[in-house]
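Taking it in order: structure first as structure tokens, then the write-up.
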Amino acid sequence: MSNRTFTMIKPDATAKGFTGGILEMMLKAGFSIKAMKWTKLSTEQAGAFYAIHKERPFYRELVEFMSSGPIVAAILEKENAVADFRTLIGATNPANAEEGTIRKKYAASVGENAVHGSDSDENAIIESNFFFSELERY
Ligand code: GDP
């Protein structure tokens with residue numbers, strides 16, 4: 001079990017001014033920020049990040065959405081980080097997300113769902129390395 005996970009605040013949420021509210025929910029839930037940047041992915045970068053979903057029918061839509069505007073990428077730390085963060089963000093489809101979750105409060109649809117959270121310790125490391133050098137984290 002690792003104590004770190006990786007997150008992005010997605011373009012729908014940055015565009016709607018939800019960045020501050022989402023960060024506040026993460027901090028209140030006990031996560032601390034070990035690295036963070038505001039950036040925008042090219043379609044090539046978004047395609048590479050989500051390469052694992054290449055065969056899924058929504059891949060093209062996902063890549064276009066994720067490169068449509070700025071995102072916030074961050075590495076978060078907490079005991080049991082990956083699992084606890086998945087609980088905090090809620091179900092992929094906000095219609096199924098529990099009360100008190102980030103997606104329940106801020107997500108619009110199954111595609112435009114406000115936040116990303118790594119689904120395993122292994123992917124948390126791969127995704128963190130995609131965005132951050134050793135110098136950019138502590
Ligand atoms: P997550 O781990 O909860 O983010 O969900 P998945 O790994 O299954 O999917 C990755 C991302 O692809 C989701 O967060 C959504 O942004 C997007 N996505 C998943 N399912 C759909 C879908 O049916 N339609 C669209 N447009 N996007 C989807």
Side-chain angles (χ1 to χ4, degrees):
M1 185 204 301
S2 159
N3 59 356
R4 288 193 176 195
T5 191
F6 171 80
T7 186
M8 288 185 285
I9 300 176
K10 297 186 178 184
D12 58 318
T14 62
K16 291 173 184 162
F18 295 158
T19 302
I22 290 172
L23 287 174
E24 188 179 14
M25 284 183 76
M26 294 176 185
L27 295 172
K28 277 196 172 147
F31 292 88
S32 61
I33 297 168
K34 307 310 285 185
M36 185 160 72
K37 64 174 72 167
W38 174 278
T39 187
K40 184 174 181 294
L41 294 170
S42 65
T43 50
E44 292 73 21
Q45 289 166 331
F49 184 87
Y50 281 109
I52 197 167
H53 293 311
K54 218 168 193 153
E55 306 307 324
R56 308 274 283 273
F58 56 82
Y59 177 68
R60 183 183 291 262
E61 205 176 314
L62 174 61
V63 168
E64 271 169 26
F65 163 58
M66 287 303 297
S67 56
S68 68
I71 58 146
V72 176
I75 299 171
L76 302 176
E77 187 170 88
K78 182 186 178 296
E79 206 176 294
N80 199 30
V82 167
D84 284 3
F85 193 69
R86 296 286 299 189
T87 302
L88 177 66
I89 66 178
T92 309
N93 186 341
N96 303 325
E98 305 247 359
E99 274 312 324
T101 63
I102 293 174
R103 282 169 168 166
K104 177 73 178 180
K105 186 162 184 190
Y106 291 112
S109 67
V110 67
E112 303 201 357
N113 59 4
V115 279
H116 168 83
S118 303
D119 63 5
S120 66
D121 289 346
E122 187 190 4
N123 283 335
I125 291 167
I126 293 169
E127 292 169 359
S128 297
N129 291 343
F130 187 94
F131 279 92
F132 297 103
S133 70
E134 284 307 317
L135 262 181
E136 293 173 307
R137 50 179 108 179
Y138 79 98

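- No continuous path of hydrophobic side-chain contacts links I75 to L23 [ILVMFWY only; heavy atoms under 4.5 Å].
- Hydrophobic clustering (ILVMFWY, side-chain heavy atoms < 4.5 Å, transitive): M25 and L27 are in one cluster.
- Not one N or O on the side chain of E61 forms a donor-acceptor pair closer than 3.5 Å with the backbone of F58.
- Looking at Y59, its side chain does come within 3.5 Å of a backbone N or O of G47 through a donor-acceptor pair.
- At distances below 3.5 Å, at least one donor-acceptor pair connects side-chain atoms of K40 with backbone N or O atoms of S67.
- Here the closest heavy-atom approach between residue D84 and residue E79 is recorded as OD2-O, 3.4 Å.
- By the 4.5 Å heavy-atom criterion applied to side chains, L41 and V63 are not counted as neighbours.
- A donor-acceptor pair under 3.5 Å is formed between the side chain of R137 and the backbone N or O of F132.
- Of all non-hydrogen atoms in L76 and K34, the two that sit nearest each other are C-CG, 4.5 Å.
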Verdict with reasoning, T39 to I71, per side chain to side chain contact (heavy atoms under 4.5 Å, CB included): CA-CA 6 Å; T39 187; I71 58 146; 4.0 Å; yes
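- Shown here for A81 and F31, the closest heavy-atom pair between the two residues is O-CE2, 3.8 Å.
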Could you list the donor-acceptor pairs under 3.5 angstrom formed by side chains in residues 5-20, with sequence neighbours left out?
residue : atom : partner : partner atom : Å
T7      : OG1  : H116    : O            : 2.7
K10     : NZ   : N113    : OD1          : 2.7
D12     : OD1  : A114    : N            : 3.4
D12     : OD2  : A114    : N            : 3.1
T14     : OG1  : P11     : O            : 3.2
T14     : OG1  : P70     : O            : 2.7

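- When all heavy atoms of A48 and F130 are compared, the closest pair comes out as CB-CE1, 4.1 Å.
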